[in-house]
S.K.: 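The structure that follows is given in the form of structure tokens.
We number each residue from 1, following the sequence as shown. Every number for a ligand or one of its atoms is a count from 1 in the order of the listing. Heavy-atom basis, side chains included; hydrogens, waters and symmetry copies ignored. For clarity, every value in this text was computed on a predicted model and none was experimentally measured.
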Amino acid sequence: MSILSWIERWADASPDRICYIWRENRMTYGELKKSSDAVSHWIGRTCGHDQAPVLVHGHMHPNMPILFLACLKSGHPYIPIDRSIPAERILMIAEDSGARLIFSEQPALLPALPQTIIGPDRLTGILAADPADPSKRAYETREGDIIYMIYTSGSTGRPKGVQIPAESLSSFITWVNSDFALGDRQIFLNQAPYSFDLSVMSLYPCLTTGGTLWTVDKDMIARPAELLDSLAASGVNVWTSTPSFAEMCLMMPSFSEKILPDLHTFLFCGETLPVHVARDLHARFPAARIINTYGPTESTVAVTRVQIDEQLIASGQPFPVGRCKPDCRILILDADGRPLPEGEKGEIVICGPSVGGGYLNEPEKTKAAFSEMDGQRAYRTKDLGLMKDGMLYYHGRMDSQIKLHGFRMELGEIEHVLSACRYVKQAAVIPVRKGDRYDHLIAIVVPEDHPFEKSYQLSSAIRKELSQYLPGYMLPRKIIYQSSFPMTANGKINRKVLLKEVVQ
Ligand code: AMP
């Protein structure tokens with residue numbers, strides 16, 4: 001069965017079931033099917049079925065899943081672009097992807113673009129005007145078709161589009177639905193913006209099992225009282241988030257099983273799950289399972305899983321990230337690409353159908369990271385890890401990619417954009433730790449000549465320029481000025497010395 005059939009059997013069997021709740025908006029499976037049919041037929045008539053990507057710009061409105069499914073139904077990969085992505089970055093993605101069509105919740109936030117832009121009014125017209133023949137699909141998905149592309153931070157200054165084909169997404173959904181024992185018709189917390197692949201962990205497992213996505217948006221998350229009210233009204237059964245988001249919720253004393261009595265599973269992915277977060281969650285939700293999963297966007301959300309039980313929590317040791325899903329393999333390789341024995345640390349390489357189709361229009365970067373091993377797609381993660389008794393342990397990164405509050409970013413990209421700013425001669429970005437995780441970024445800048453009297457005025461001008469290109473979560477909290485950088489013997493910025501100089 002295809003992904004669409006999994007979803008639409010719910011629309012056929014129980015069209016009035018609610019599949020999506022966002023604030024006062026409720027959408028049924030029947031409406032999701034009808035609306036996505038209407039848009040898919042319109043896309044087919046307008047652009048054919050040629051696999052040209054479609055940008056879907058917005059936040060958590062129910063139109064987002066409608067548009068994703070419409071793209072899937074019409075043979076076009078979708079690229080989710082969260083409303084928080086700045087205009088210049090959208091411009092890069094629109095150029096890079098070769099998209100011809102953009103659906104936007106707020107076209108005013110977009111830069112000037114040559115593509116056809118469909119705003120909310122036009123979309124309403126498309127939804128109302130086309131009573132598409134429900135018996136006819138605009139397009140049948142084939143193996144190899146790219147379903148979505150997610151743009152992640154790129155070290156050379158341009159984000160790169162990770163392509164996820166139908167078979168990788170099907171493999172992920174099959175694994176979650178069969179091995180995680182989540183049950184049908186569950187209420188899933190839907191919290192991660194769609195431009196992060198964590199959102200896929202709730203979206204598809206939920207919709208393919210007749211569940212309901214309880215959706216919270218950025219504004220709700222920024223107001224703890226509102227977030228708490230929403231959670232208390234949700235009846236959520238399955239929690240999907242980064243550990244950072246759960247940690248933030250734990251700061252609210254009433255976040256416990258009292259307000260979420262039906263919550264039976266926490267699913268985590270995207271960054272290290274700290275022992276203290278699991279311990280606190282277990283204390284507040286003693287009946288709920290905590291599942292740690294691991295995987296990069298390039299291998300479709302997650303490829304390993306482990307239940308974090310009382311014993312693991314009591315050990316106080318860093319948690320494993322789990323066992324590999326059955327249709328994939330994990331290898332630990334040394335610097336020459338040779339497999340390492342159990343217990344030795346090396347690069348984590350993922351093989352199997354979860355591995356996606358490389359980076360869009362980036363043959364060099366794709367070749368460097370993706371390959372074939374024993375007839376299967378393989379992805380070199382640049383993550384360090386080791387295997388012990390079939391269980392994978394994560395040991396950090398081999399490069400300057402970091403996770404900050406759950407967000408993936410390349411320090412190289414921030415440095416690249418910063419160095420291109422008008423008043424910056426040279427720049428370095430340093431992540432500052434708090435406990436076992438990164439807490440914020442500091443930028444160290446050798447400035448160009450500038451007209452400002454005070455350094456805060458200079459910082460504000462630099463920050464303004466930066467925020468045209470980088471999303472808010474990639475902006476350094478502090479900018480420190482120096483007249484020059486300490487250098488290593490081979491002429492590179494000496495980051496260790498720099499860190500010591502600025503973080504005292
Ligand atoms: P993303 O593509 O945003 O999902 O980020 C993928 C990266 O996040 C991985 O390559 C790891 O470096 C990190 N990551 C993902 N899951 C975990 C986990 N459970 N524990 C530690 N790091 C993780």
S.K.: Nearest to atom 3 (O) of ligand 1, what protein heavy atom do you find, and at what distance?
M.R.: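 Protein heavy atom with the smallest distance to atom 3 (O) of ligand 1: K403 NZ, 2.9 Å.
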
S.K.: For Y438, enumerate each residue passing the ring pair (Phe, Tyr, Trp, His ring centres under 6.0 Å) test, keeping only those at least two apart in sequence or located in another chain.
M.R.: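 Ring pair (Phe, Tyr, Trp, His ring centres under 6.0 Å) check on Y438 returns nothing, list empty.
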
S.K.: For atom 19 (N) of ligand 1, what's the nearest protein heavy atom and its distance?
M.R.: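 Here the closest protein heavy atom is T293 O, 2.7 Å.
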
S.K.: Quick one: does C269 get an N or O within less than 3.5 Å of an N or O on ligand 1?
M.R.: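 No - when backbone and side-chain N and O of C269 are compared with those of ligand 1, no distance drops under 3.5 Å.
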
S.K.: Please list, chain by chain and in numerical order, all residues satisfying ring pair (Phe, Tyr, Trp, His ring centres under 6.0 Å) with F172, sequence neighbours excluded.
M.R.: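 For F172, no residue satisfies ring pair (Phe, Tyr, Trp, His ring centres under 6.0 Å) once neighbours in sequence are set aside.
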
S.K.: Is the shortest N/O to N/O distance between D383 and ligand 1 below 3.5 Å?
M.R.: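 Yes - when backbone and side-chain N and O of D383 are compared with those of ligand 1, one distance drops under 3.5 Å.
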
S.K.: Any salt bridge between R397 and D383, counting N to O under 4.0 Å?
M.R.: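 Looking at R397 and D383, the cut-off is met.
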
S.K.: Under 4.0 Å from a heavy atom of V321: give me the atoms of ligand 1 that qualify, with their elements.
M.R.: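 Answer for ligand 1: 18 (C), 19 (N), 20 (N).
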
S.K.: Hey, is K160 close enough to E413 for a salt bridge, meaning N to O under 4.0 Å?
M.R.: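 Salt bridge: no.
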
S.K.: Between E410 and K365, does at least one N-O distance fall below 4.0 Å, as a salt bridge requires?
M.R.: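 No salt bridge links E410 with K365.
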
S.K.: At less than 4.0 angstrom from any non-hydrogen atom of T272, what atoms of ligand 1 do you find?
M.R.: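 Counting atoms of ligand 1 from 1, those under 4.0 Å from T272 are 20 (N), 21 (C), 22 (N).
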
S.K.: Are Y473 and F196 close enough that their ring centres sit under 6.0 Å apart?
M.R.: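 Y473 vs F196: aromatic centres under 6.0 Å.
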
S.K.: Is there at least one pair of N or O atoms, one from Y294 and one from ligand 1, spaced under 3.5 Å apart?
M.R.: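 No - when backbone and side-chain N and O of Y294 are compared with those of ligand 1, no distance drops under 3.5 Å.
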
S.K.: Ligand 1 and E298, any nitrogen or oxygen pair closer than 3.5 angstrom?
M.R.: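 No, there is no polar N/O contact under 3.5 Å.
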
S.K.: What protein heavy atom is closest to atom 6 (C) of ligand 1, reported as residue, atom name and distance in Å?
M.R.: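 Answer, as residue, atom name and distance: P296 CA, 3.5 Å.
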
S.K.: Identify the protein heavy atom lying closest to atom 18 (C) of ligand 1, giving its residue, its atom name and the separation to 0.1 Å.
M.R.: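 Answer for atom 18 (C) of ligand 1: E271 O, 3.3 Å.
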
S.K.: Below 4.0 angstrom from a heavy atom of N292, which ligand 1 atoms are there? Numbered from 1 as shown, please.
M.R.: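 So the answer, numbered in order with elements, is 19 (N).
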
S.K.: Looking at CD1 of I414 and OG of S155, how far apart are the two atoms once the value is rounded to the nearest 0.5 Å?
M.R.: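 Atom-to-atom, I414:CD1 and S155:OG are 12.0 Å apart.
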
S.K.: Please identify which atoms of ligand 1 are closer than 4.0 Å to at least one heavy atom of R397.
M.R.: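 Ligand 1 atoms under the 4.0 Å threshold to R397: 10 (O), 12 (O).
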
